Every structure is written in structure tokens, then in C-alpha cells.
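First up is the structure itself, then whatever we jot down about it.
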Amino acid sequence: MTWKRTLGCVAAFGVGFPLLAQGSGPVNDSGATAWMLTSTTLVLLMVPGLAMFYGGLVRTKNVLGTMMHSFAAMAVVGVLWAVLGYALSFGPNVLGGLIGWSRGLVLLRSIDHTILPAGVPEYAFAMFQGKFAIITPALIAGAVAERISFRGWVVFITLWVIFVYCPLCHWVWASDGYFYNLGAKGAIDFAGGTVVHISSGVAGLALALFLGARHGYPKTAMAPNNLTFTLIGAGLLWVGWFGFNAGSSIASNLDTARALTVTQVAAATGALTWVLIETIRDDKPTSLGMASGILAGLVVITPAAGVVQVGGAMALAAIASCCCFGMILLKNRLGYDDSLDAFGIHGTGGIVGALGLTFFIRDSWWAEAAAKAPGWGILSQLKVQVFAVGSTIVFSVCMTLLIAFLVEKFVGLRVNEAVEKTGLDHEIHGERAYGLNNLN
Amino acid sequence: MKLITAIIPEEKLDEVREALIEAEIERITVARVSGHGRQQEIVVQRGKKVVPNLIPKVQITIACNDEFEDITVDTIVRTARHGEGAVGDGKIFVQDLKECVRIRTGERGGQAI
């Protein structure tokens, strides 16, 4: 193979490295490899974290059904990614760059001996990227909780990963991708603001509108069944996010530490801001607000973790918490049923991050950009970011609606009213979440 | 005064409650309970069939003046029943209620309900 492949999400850090032939290639860097394996594990931890986050927010009758959405993504995409997802995302351009493809990458056969120039085995990189492909569709579940059928969901995420996630991942992170080569140093998306959060957030909104609201929404109060779960889930997400962001440097060096630092600061600032808003507005700092603020901060820093410094991270996180809070208020006024605010937090936070980061980029990045394209400034980069965000939204919404339409027609996407009333746990899975409520 | 205790299927709670509120029966107590009657629910766990001996239900307790007994019972029967009726739809018990006291004011009897 002589084509180039990027080593991850590092639009901010320069060009893709040529992949050398087997045998004469780069030497394994045990430090970088150890961190990449750790990051891969941390990112997987986010999925059960998300399952708990969402599982705590639904009503008692839908806990297992909701957690199964995340676990189904682990099982389905875990297989799908190794079979063809990686080939579609990180193979060389085909169909005019619409997607990548390489037959050798099917079942990851051709990377059996490959060490990437970053000193990391390609297996580690492929699995690391695979975890992103798992969590992205799992995020969508929050928008359509408590009413989507399990069978429909499994088919939906299979198609969604193939036709939405893989192309987007290819555009943003493959070295020959569209967005990777925009402007002076590419569209900036360090760890997945567009690919992961915007794409899943707007897909969630589209799917929620397509399915319609839950029975009784918004008249009936639908209170979270167990916020303890939600807090534990938010905690696991925060921990896992260090792998998600700092791992996206595909290295174990200064960039890694920078990403880790701004991730920590942004999560804390987001949480603080959200709780502050609640305290001022309603006089009660809630645990759900704390969890939501953590997420808003983490989401907003995801695209920006490679280019902003601590001050910028704080500013972005504070802005994101305000915007996400406002978006949820707006949702309540408009009355659409984005049940667990997948769009409200991931969509909104992702957009704020991908656009807002332009104003907080560190000076050394500007210097490198100016060296490549003289006169490159905030406005030129903002145009690139707007283009990347806009295309992601349009692409994800259109494809999601198309897939939803087909799945609804051939498999069925929404459960019937009786199942919805009794609850997904009992009707679809034949189980109940809490043994304590049943003395058996 | 009557004390009406209804054991109904979990999934019917919302429907029953909405109908009761419509019939202006707005003071109710709801609890999760487990028990067994004639209904048998077979659960499959790791491929093995298991018959749980206790099935979860919802219990509604309503205290009312005599003239509201019929409408309360009728409303629950109408809304808690599955279609033409199925085993597991539940039961309603009606008892005479000796006394009722409103704690806030100390009122007693029918006006305290």
C-alpha cells in the first residue's frame, strides 16, 4: 500500500504520514502504544457510562430497554467495524472521495503486521477508532428513548454507521478526506465534534421528529427513575473522555497532555456553569444539572482539545452550558420530544465547540497556518468550520431520515401503543430492571 | 364512607388515573405491590422457563363518601380491563370505612374526605 493515511484526528497537527511497507516500517513506540491501548479501553468505558446515564433518566419500565440501546451498539458496531467499517472509513478515496474503501482492510486482514509511523500498531488505532463508531450511534438513543423498537434500533444503527458515520469519519479524519484538506490546515475537529457529536445530535433530532413524541408527552410528567445511575454514568463518561480526547493525539506527548488538561478544565467549568444557572434561576442546584453541565463541557471541548488553551476551554465550556440550557428551554416551549436531550446537549454543544473554537486557537497554530497560507486568519478558518459543520448537519439529517423511512417501512421503528404503555423492559425483553419492586 | 382498594395491572395505572381524575375522583394513594392470583407469567432466563410466584401489580386505595362508590368502581373496572377481560386484570375490594380524620384541621367524617 502506498497511499497515505492519517493517524487520527489530528487535522490540527499536520499532514498524514505515509504508511510504509511491511518489515521496513517504523519501530513500535511502547509508550505511545501503551497510552493508545489505555485510551481504547477508556473510550469503551464511556458506553456503559452512557447506558447508565440514559438508563437513569427514563421511567422505571424502560430502564433495561434503554441501556440495551447502548449495549446493542457495542455488539453490533463491534462486529461491523472490524468487518467493513474501518475499510470504509480509513481506506483510500473511492467514489470521488465520498467514502474510503480497501478490500485488504476487510476483517482488518492487511494490518496484521503494520506499525504506524506514530509508533503504534495499526490494530490499536483501528480499535481506538472503532470505539468512536460504537458510541456515536449510541448517543442517538437518547433522543428516541422509551418508544423505539429494539429490532428497528439494531437495523437502524447498522445502516447509520455504514452510511452516515463511516463517510463522515472518512471526510474528517482520513488524510485524503474532504474536510481534512480544507483551508490552510484543514477543518479542525480534534476528537469528533462534527463526526461524533453534531452528527449524532442532529440525527437524534431528526429521528425524534420522525418518530413523534412519546404517548402523553408533554402533558404527563416523565420523571427520571434513578438519578444515582445518571450521576455514576456522567462520572464514567468524564473518566472515559480522557481516552476519547487525549487518545486522539495518537501519541503520548505534549499534545496528549494539552488535550487532557483542557478536557478536565472544560468538564469542570461546564458543570459549574450549569449548576450556577440553576441556582440563580430556580434556587436549586440539581444533580441532573451537574451531570448535564459535565456533558456540555466535555462535548464542547471535543473538537477543540488540540488547539485551545485553558482560558479558551473555560470560555467554551461556559458558553456551551448556557447554550445547551437555553436549547432545552426552547425544546420545552416548542414541544418536540428529544427525550433525554441528545440534540440539546450533543448537537448544541458540538456546534458551539466546532464554531467557537476558532476564536480561542493558540498562537503557534496560527503561525503554522500562516506559513502554509499567508494571511490565514480567524475569518478564513471560521468559513472552513462553518462549511464542515453545515455539511455535517445537512448530510446527517438527510441520511438519517432516509434510513428511518426505510427501516420504518421494512422492519418497524416505533413500538405500538400497548408496548409503550407497559414498557420496553417487560414487553420487548421479558425482564424488569429492579428486583426490589417485585418480591421474587 | 367506603374504602376502595383496587389491584390493577401496572400498565393500566395511567389510564385508570386519568379516567378517575376525569370523574372527579382526585384523591388517591398508589403503591407497587406483588402477589399472585390465577395469573401465571412465564419468564425466560438464559433459555430456561421460570414461573415467578409473585407478579408485580399496582394497588390503588381510595376513601370516598357512599355516593361516589359506584362511579369509582365502574371507572376502574372500565379502564383496567384488557379488551373483553383477561386473567390478571385484577380485583377491587370495597369496605365500610369507620372514620376519616383530616390531620391538618382535625375534621372528622365525610367532610374530611
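All values reported here derive from a predicted model rather than from experimental measurement. Lettering follows sequence order; numbering is per chain, from 1.
- Interface residues of residues 2-11 of chain B toward chain A, defined by a heavy-atom distance below 4.5 Å and sorted by number: E10(B), E11(B).
- At most 12 heavy atoms of other shown residues, nucleotides or ligands fall within 6.0 angstrom of atom CD in E22(B).
- Within 6.0 Å of the CZ atom in R108(B), the count of heavy atoms belonging to other residues, nucleotides or ligands does not exceed 12.
- Within a 6.0 Å sphere centred on CG of L334(A), heavy atoms belonging to other residues, nucleotides or ligands number more than 12.
- When the shell of 6.0 Å around CZ of F68(B) is examined, it contains 12 or fewer heavy atoms from other residues, nucleotides or ligands.
- Taking CZ of R32(B) as the reference point, atom OG1 of T60(A) lies at 5.0 Å (rounded to 0.5 Å).
- The local environment of CD1 in I71(B) is sparse, with at most 12 non-hydrogen atoms from other residues, nucleotides or ligands closer than 6.0 Å.
- Heavy atoms of other residues, nucleotides or ligands lying less than 6.0 angstrom from CD of E26(B) number more than 12.
- Shown here is R214(A), whose CZ atom has more than 12 heavy atoms of other residues, nucleotides or ligands within 6.0 Å.
- L13(B) CG to K61(A) NZ: the interatomic distance, rounded to the nearest 0.5 Å, is 9.0 Å.
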